[in-house]
Structure formats: C-alpha cells, structure tokens
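Computed from a predicted structure; not experimentally measured. These values consider heavy atoms only, across backbone and side chains, with no hydrogens, waters or symmetry-generated copies.
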Amino acid sequence: MTGMLASLSAEHRERLMGLGHEVDHPGSIRLFEEGGEADRFWIMRTGTVALDVQIPGRGPAVVETVGPGGLLGWSWLCPPRQWHLGAETRGPVSAWEFDAVAVRELCAAHPAFGLALVTLVAETIGHRLRATRTRLLDLYGPQAGRPTP
C-alpha cells in the first residue's frame with residue numbers, strides 16, 4: 001500500500017475505506033472545474049489526473065499531476081467547499097471515491113480519525129500550493145521565456 005492510505009493507521013484506513021467505492025473514468029474527461037462544488041474526493045488507484053488553474057486570456061495551465069496513491073481533491077474539507085483547481089484524466093483512471101459529507105461526519109464522530117485525515121489533507125494542500133507557485137513562476141516569472149545562457 002502506498003501514498004495517502006499507507007500513512008493512515010490500519011484502524012483509520014478501515015474507517016475511511018468503509019465509505020469509499022471504486023470508480024473508473026476514461027481518458028480526457030473533466031472530473032471537476034475550478035469554482036465548482038467540492039462534494040467528493042478520490043484516492044487514485046491507477047492512472048493520472050492533471051490539475052490545472054485557469055489563466056485569464058490563456059486557458060488552463062497544468063500545475064501538477066496526481067497518480068496512484070495520491071489524494072485528488074481537498075477543497076471538500078474547507079468552506080466554501082469549492083474546487084480551487086480543475087482536473088482532467090490523462091488516460092483511463094481508477095480510484096476510490098468518497099462522499100465529502102459522509103467523511104466529514106465520520107471525522108466529527110471520531111476525532112482521532114479526523115485529526116489524522118486532516119493532517120494528511122493539510123500536507124496535500126501545502127504540496128499543491130508549492131507546486132502551483134513553482135509552475136506559475138516557470139510560466140510567468142522574470143526568467144520565463146528567456147533563453148538560458
């Protein structure tokens with residue numbers, strides 16, 4: 001077991017997985033759009049999903065990809081519960097899907113589980129912030145578009 005699930009204790013993993021169900025998505029479909037309602041999340045099993053941010057006048061810019069073991073979606077946890085990025089499959093994807101309301105209720109009923117899950121989600125948020133910042137600096141920073149000496 002790798003990724004997010006490996007970071008949870010067996011008890012917490014069992015609680016979380018009791019709420020999940022397997023889903024499969026074909027390639028090149030939008031799973032969610034920036035600003036849409038964040039009512040679910042996924043833990044990737046196979047395949048990759050590209051996360052993107054909309055750049056006014058330019059369209060989407062991919063800031064990161066999520067692969068097997070990774071958490072896809074964290075916006076479900078924090079109000080206003082709207083997606084901060086968009087997501088598109090890069091090929092066929094299989095994942096475990098979780099209903100956000102049910103997981104938040106489980107977190108409230110079992111505080112130790114909630115703390116463990118929120119800690120993992122916070123790590124993902126930090127990673128995504130760094131990845132987005134780096135990508136945007138690559139695209140638009142002072143050195144963007146300049147040839148290397």
>> Evaluate V53 against E34 for side-chain contact (heavy atoms from CB on, under 4.5 Å), listing each step before the verdict.
In response: CA-CA 7 Å; V53 61; E34 190 175 336; 3.9 Å; yes
>> What verdict does the side-chain contact (heavy atoms from CB on, under 4.5 Å) test give for V93 and D24, after you've listed the backbone C-alpha separation in whole Å, the side-chain angles of each residue and the deciding distance to 0.1 Å?
In response: CA-CA 6 Å; V93 164; D24 295 299; over 6 Å; no
> CH2 of W74 to CD1 of I125: how many Å apart, nearest 0.5 Å?
Replying inline: 4.5 Å
> Are T89 and H25 linked by a side-chain donor-acceptor pair shorter than 3.5 Å?
Replying inline: no
>> Can you confirm whether E14 is buried at CD, in the sense that more than 12 heavy atoms of other residues, nucleotides or ligands lie under 6.0 Å from that atom?
In response: no
> With hydrophobic residues grouped by side-chain heavy-atom distances under 4.5 Å, do V121 and L115 end up in a single group?
Replying inline: no
> Taking atom CG of L129 and atom NE2 of H84, what is their separation to the nearest 0.5 Å?
Replying inline: 9.0 Å
> What closest approach, in Å, do G69 and I43 show between heavy atoms, and which atom pair accounts for it?
Replying inline: O-CG2, 4.2 Å
>> Given 3.5 Å as the limit, does a donor-acceptor pair link the side chain of W96 with the main chain of M44, or not?
In response: no
>> I'd like to know whether F41 forms a side-chain contact (heavy atoms from CB on, under 4.5 Å) with L71, so could you lay out the CA-CA distance, the side-chain angles of the two residues, the decisive distance to 0.1 Å, and finally the verdict.
In response: CA-CA 7 Å; F41 67 94; L71 172 65; 3.5 Å; yes
>> Just so I know, are the side chains of W83 and L31 near enough to count as touching, which here means a heavy-atom distance under 4.5 Å?
In response: no
> Which residues satisfy the salt bridge (charged side-chain N to carboxylate O under 4.0 Å, His left out) test with R45, sequence neighbours excluded?
Replying inline: E22
>> Minimum heavy-atom separation for F113 and H12, please, with both atom names.
In response: CE1-O, 3.4 Å
Only distances under 3.5 Å count here; give the side-chain donor-acceptor pairs of residues 97-110 to other protein atoms, sequence neighbours excluded, each with its distance to 0.1 Å.
| unit_1 | atom_1 | unit_2 | atom_2 | d |
| --- | --- | --- | --- | --- |
| E97 | OE1 | W42 | NE1 | 2.8 |
| E97 | OE2 | H21 | NE2 | 3.3 |
| E97 | OE2 | R40 | NH1 | 3.2 |
| D99 | OD2 | V101 | N | 3.3 |
| D99 | OD2 | A102 | N | 2.9 |
| R104 | NH1 | W76 | O | 2.7 |
| H110 | ND1 | R15 | NH1 | 3.4 |
| H110 | ND1 | R15 | NH2 | 3.3 |

For residues 58-66, which side-chain N or O atoms pair as donor and acceptor with protein atoms under 3.5 Å away, sequence neighbours left out?
| unit_1 | atom_1 | unit_2 | atom_2 | d |
| --- | --- | --- | --- | --- |
| R58 | NH1 | Y140 | OH | 3.3 |
| E64 | OE1 | R128 | NE | 3.0 |
| E64 | OE2 | H127 | NE2 | 2.6 |

> How about S7 and M4: do any of their side-chain heavy atoms sit closer than 4.5 Å?
Replying inline: no
>> Can you confirm whether more than 12 heavy atoms, excluding those of R30, are under 6.0 Å from its CZ atom?
In response: yes
> Would a distance-only check, ignoring hydrogens and angles, find a side-chain to backbone donor-acceptor pair under 3.5 Å from R13 to L8?
Replying inline: yes
>> I'd like to know whether R81 forms a side-chain contact (heavy atoms from CB on, under 4.5 Å) with S75, so could you lay out the CA-CA distance, the side-chain angles of the two residues, the decisive distance to 0.1 Å, and finally the verdict.
In response: CA-CA 5 Å; R81 298 188 176 100; S75 303; over 6 Å; no
